[in-house]
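A quick write-up on the structure given underneath.
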Amino acid sequence: TTYKPTWASLDARPLPDWYDESKVGIFIHWGVFSVPSWGPPSGGASGEWFWWEWKGEKKPAFEKFMKDNYRPGFTYPDFASQFKAELFNATQWARVFKMSGAKYIVPTSKHHEGWCNFNSSVCWNWNSLDLGPKRDLIGEISKAVRAEGLTFGAYHSLFEWFNPLYLADKKSGFKTTDYVKDILQPELHDLVNQYHPDLIWSDGDWEAGDEYWQSKEFLAWLYNESPVKDKVVVNDRWGKGDTCKNGGYWTCHDRYNPGKLQNHKWENAMTLDKFSWGYRRNAAADDYLTIEELLWQVTSTVSCGGNILINIGPTHDGRIPDIMEERLLQLGQFLNIAGDGIYKSKPWRVQEGANKDQPVWYTQNKAKGTVYAFWNRANGTDLMLPDPKTSANTTVKLMGYKGKIAFTKHGSQGLSIKVPGEAILSQPPFKVWAFELEGVM
């Protein structure tokens with residue numbers, strides 16, 4: 001198929017299977033913003049928007065932070081020399097990602113600050129090869145995650161807050177396109193041709209329509225001619241009005257989790273720090289999701305046909321903060337046990353269970369005819385599932401436990417499960433238990 005630069009043609013391209021089968025990915029927000037790594041404790045300001053909050057919005061909290069902690073005349077570009085990534089080890093990161101059970105990894109190649117973590121001829125003197133780390137960060141991450149058998153993708157912002165070419169185009173009401181011609185399109189082509197990302201997570205699109213960004217022309221090239229044309233997947237942030245409507249899978253808005261089945265493939269891009277995508281040194285422990293909260297997001301998202309992209313914010317010196325690494329390793333413990341009900345699963349006829357006192361999210365493996373029930377916030381040892389229709393062949397297993405699980409049928413619909421005490425000891429202490437149901441409808 002040859003795709004035309006029209007939404008009718010581009011939107012008709014089938015989504016490559018690997019994406020839906022993967023279910024779980026890791027997002028990485030890392031850049032010059034990782035140096036100040038600060039946002040007001042009340043939330044409402046992400047660490048990665050630091051430059052804009054300080055110089056664009058001129059927010060008093062940010063002005064005060066700079067005045068209290070930096071010399072007069074200090075500019076945002078002065079932070080770049082401190083973004084050294086001296087402790088960054090891509091192999092170590094990739095090992096953690098592998099252990100987390102995630103299948104695809106999406107680091108920021110360029111955020112709205114315009115700093116490139118990769119080699120591009122048009123990202124002159126504002127990139128990780130010439131300044132700061134003096135390393136090709138995207139190159140190192142892509143090699144390391146692929147060596148672990150994971151899929152590599154890249155986040156890329158269409159706009160840049162303070163790029164003079166972009167600001168001139170904006171002033172013209174987007175009638176001129178110098179920024180797109182001289183910066184954006186060459187940069188996107190550099191990213192694809194050099195690093196072959198299998199996913200492009202576009203962002204920063206909301207100020208102008210896709211005609212200005214030349215998104216449809218780029219996607220036609222990506223799908224027809226690029227080195228990743230057969231495998232690449234993209235999101236829906238390609239111009240004002242496109243989100244939740246055009247592109248590949250839909251992200252709709254940050255932390256999108258509708259809680260019910262959608263008729264289009266979607267992704268819940270969410271953060272471990274509830275208030276920020278970039279690392280915040282001033283985040284408190286309870287600003288982070290607990291493992292129970294994270295697993296609620298994972299099971300509810302996958303039950304409703306979505307993928308989940310879990311964001312971490314590394315430090316300026318290249319470490320994954322301990323609390324984030326711990327969450328990822330806990331997630332891995334869970335997926336190690338319950339992965340059969342997550343990867344390659346499909347939504348079942350019921351998503352959220354009818355028994356509201358015992359929250360359950362369902363998935364199914366169509367080929368095996370197995371239904372999976374994820375009991376969240378599990379308390380006690382008795383679970384009532386009103387949703388499955390039982391049969392003479394119905395069996396119940398607790399994933400991760402070898403022994404038998406006793407259950408009682410309620411006529412032809414619904415069953416009660418009794419979990420023995422020793423089975424509880426077989427589970428990680430996350431209050432999320434996965435049951436495998438055979439012979440149910």
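Under a cut-off of 6.0 angstrom, the local environment of CE in Met99 is sparse, with at most 12 non-hydrogen atoms contributed by other residues, nucleotides or ligands. No more than 12 heavy-atom neighbours from other residues, nucleotides or ligands sit within 6.0 angstrom of NZ on Lys229. By the 6.0 Å contact criterion, NZ on Lys175 is open, its count of non-hydrogen atoms from other residues, nucleotides or ligands being 12 or less. The local environment of CG in Asp322 is sparse, with at most 12 non-hydrogen atoms from other residues, nucleotides or ligands closer than 6.0 Å. No more than 12 heavy atoms of other residues, nucleotides or ligands lie within 6.0 Å of NZ in Lys171, so this atom counts as exposed by the packing criterion.
Between Asp236 and Thr251, the side chains place a donor N or O and an acceptor N or O closer than 3.5 Å (distance only, hydrogens not considered). Checking Tyr372 against Asp340 by side-chain atom types alone, no donor-acceptor pair falls below 3.5 Å.
The pair Lys103-Glu21 fails the salt-bridge criterion, with no side-chain N (NZ, NE, NH1 or NH2) lying under 4.0 Å from an Asp/Glu carboxylate O. Classification of Lys231 and Asp198 as a salt-bridged pair holds, one side-chain N sitting under 4.0 Å from a carboxylate O.
Between the CZ atom in Phe334 and the CD1 atom in Ile342 there is a gap of 5.0 Å [rounded to 0.5 Å]. Between atom CG of residue Asp136 and atom OG of residue Ser142 there is a gap of 7.0 Å, rounded to the nearest 0.5 Å. A distance of 8.5 Å separates CG in Leu309 from CD1 in Ile26, rounded to the nearest 0.5 Å. The structure places CZ of Phe118 at 9.0 Å from CG of Asn127, a figure rounded to the nearest 0.5 Å. Separating the OG1 atom in Thr6 from the CG atom in Leu219 is a distance of 11.0 Å, to the nearest 0.5 Å.
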Would His189 and Phe218 satisfy ring pair (Phe, Tyr, Trp, His ring centres under 6.0 Å), going step by step from the backbone distance to the final call?
CA-CA 9 Å; His189 284 75; Phe218 170 71; 5.7 Å; yes
Begin from the C-alpha positions of Met324 and Tyr279 and carry the test side-chain contact (heavy atoms from CB on, under 4.5 Å) through to its verdict.
CA-CA 10 Å; Met324 298 190 193; Tyr279 177 58; 4.3 Å; yes
The test is side chain to side chain donor-acceptor pair (under 3.5 Å); show your working for Ser109 and His156 and say whether it passes.
CA-CA 6 Å; Ser109 67; His156 182 274; 4.9 Å; no
Take Trp296 and Trp361 through the test ring pair (Phe, Tyr, Trp, His ring centres under 6.0 Å) and record every step on the way to the result.
CA-CA 9 Å; Trp296 174 277; Trp361 292 97; 5.8 Å; yes
Taking it one step at a time, do Asp210 and Lys216 satisfy salt bridge (charged side-chain N to carboxylate O under 4.0 Å, His left out)?
CA-CA 7 Å; Asp210 52 48; Lys216 292 177 291 207; 3.3 Å; yes
Worked verdict on Ile141 versus Tyr195 for side-chain contact (heavy atoms from CB on, under 4.5 Å)
CA-CA 10 Å; Ile141 294 170; Tyr195 303 93; over 6 Å; no
What do the steps show when you test Thr1 against Arg13 for side chain to side chain donor-acceptor pair (under 3.5 Å), and what is the final call?
CA-CA 9 Å; Thr1 309; Arg13 176 181 180 258; over 6 Å; no
Evaluate side-chain contact (heavy atoms from CB on, under 4.5 Å) for Leu383 paired with Phe435, printing each intermediate quantity in order.
CA-CA 10 Å; Leu383 171 64; Phe435 294 92; 3.6 Å; yes
Arg327 vs Gln330, side chain to side chain donor-acceptor pair (under 3.5 Å): CA-CA, chis, key distance, verdict:
CA-CA 5 Å; Arg327 288 296 167 277; Gln330 289 170 323; 3.1 Å; yes
Phe159 vs Tyr179, ring pair (Phe, Tyr, Trp, His ring centres under 6.0 Å): CA-CA, chis, key distance, verdict
CA-CA 9 Å; Phe159 87 144; Tyr179 168 76; 8.8 Å; no
Evaluate side-chain contact (heavy atoms from CB on, under 4.5 Å) for Thr108 paired with Trp277, printing each intermediate quantity in order.
CA-CA 11 Å; Thr108 46; Trp277 300 79; over 6 Å; no
Begin with the C-alpha distance, continue with both residues' side-chain angles, and end with the deciding distance and a verdict on side chain to side chain donor-acceptor pair (under 3.5 Å) for Ser37 and Arg281.
CA-CA 6 Å; Ser37 52; Arg281 287 174 294 163; 3.0 Å; yes
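Pro314 places a side-chain heavy atom less than 4.5 Å from the side chain of Trp93. Looking at heavy atoms from C-beta onward, Val32 lies out of side-chain contact with His111 at the 4.5 angstrom threshold. Residues Trp7 and Asp242 have side chains in contact (heavy-atom distance under 4.5 Å, counting atoms from C-beta outward).
Side chain of Thr301 to main chain of Gly306: no donor-acceptor pair is present (N/O by atom type, distance under 3.5 Å, no hydrogens or angles). Side-chain N or O atoms of Lys356 include one that pairs as donor or acceptor with a backbone N or O of Gly353 at under 3.5 Å. Between the side chain of Arg377 and the backbone N or O of Pro359 there is no donor-acceptor pair closer than 3.5 Å. No donor-acceptor pair closer than 3.5 Å links the side chain of Asn193 to the backbone N or O of Pro227. Formation of a donor-acceptor pair under 3.5 Å by the Ser276 side chain with backbone atoms of Arg280 is not found in this model. Checked by atom type and distance alone, the side chain of Asp169 pairs as donor or acceptor with a backbone atom of Asp178 at under 3.5 Å. Panel note: side chain Trp266, backbone Asn263; no donor-acceptor pair is recorded below 3.5 Å. Side chain of Gln427 to main chain of Met399: a donor-acceptor pair is present (N/O by atom type, distance under 3.5 Å, no hydrogens or angles). No donor-acceptor pair closer than 3.5 Å links the side chain of Thr271 to the backbone N or O of Asn311. For the pair Ser34 (side chain) and Thr315 (backbone), a donor-acceptor distance under 3.5 Å is absent.
The aromatic rings of Trp115 and Trp126 lie perpendicular to each other, with more than 60° between the two planes, well past the 30° mark. Using cut-offs of 30° and 60° on the angle between ring planes, the pair His264 and Trp250 is parallel. Ring geometry for Trp201 against Tyr155 counts as parallel: the plane angle stays under 30°, on a 0 to 90° scale with 60° as the upper cut. Relative orientation of the Trp213 and Tyr166 rings is parallel, given thresholds of 30° and 60° on the angle between their planes. Between Tyr362 and Trp348, the ring planes are tilted. Angles from 30° to 60° get that label. Between Tyr212 and Phe174, the ring-plane angle classifies as tilted under the 30° and 60° cut-offs. Note on ring orientation: taking the six-membered ring where Trp is involved, the planes of Trp30 and Phe83 are perpendicular (angle over 60°, cut-offs 30° and 60°). Ring orientation note: the planes of Phe33 and His29 are tilted relative to one another, at an angle of 30° to 60°.
Residues forming a salt bridge (Lys or Arg N to Asp or Glu O under 4.0 Å) with Asp20 (at least two apart in sequence, or on another chain): Lys23, Lys265, Lys346.
Across Thr370, Asn365, Val371, Leu398, a single residue satisfies side-chain contact (heavy atoms from CB on, under 4.5 Å) together with Glu436, and that is Thr370.
Cation-pi geometry between Lys55 and Phe162 is not met at under 6.0 angstrom from the ring centre and within 45 degrees of the axis.
Listed by first and then second residue, the salt bridge (Lys or Arg N to Asp or Glu O under 4.0 Å) pairs involving residues 298-321 are Asp317-Arg319 (not counting sequence neighbours).
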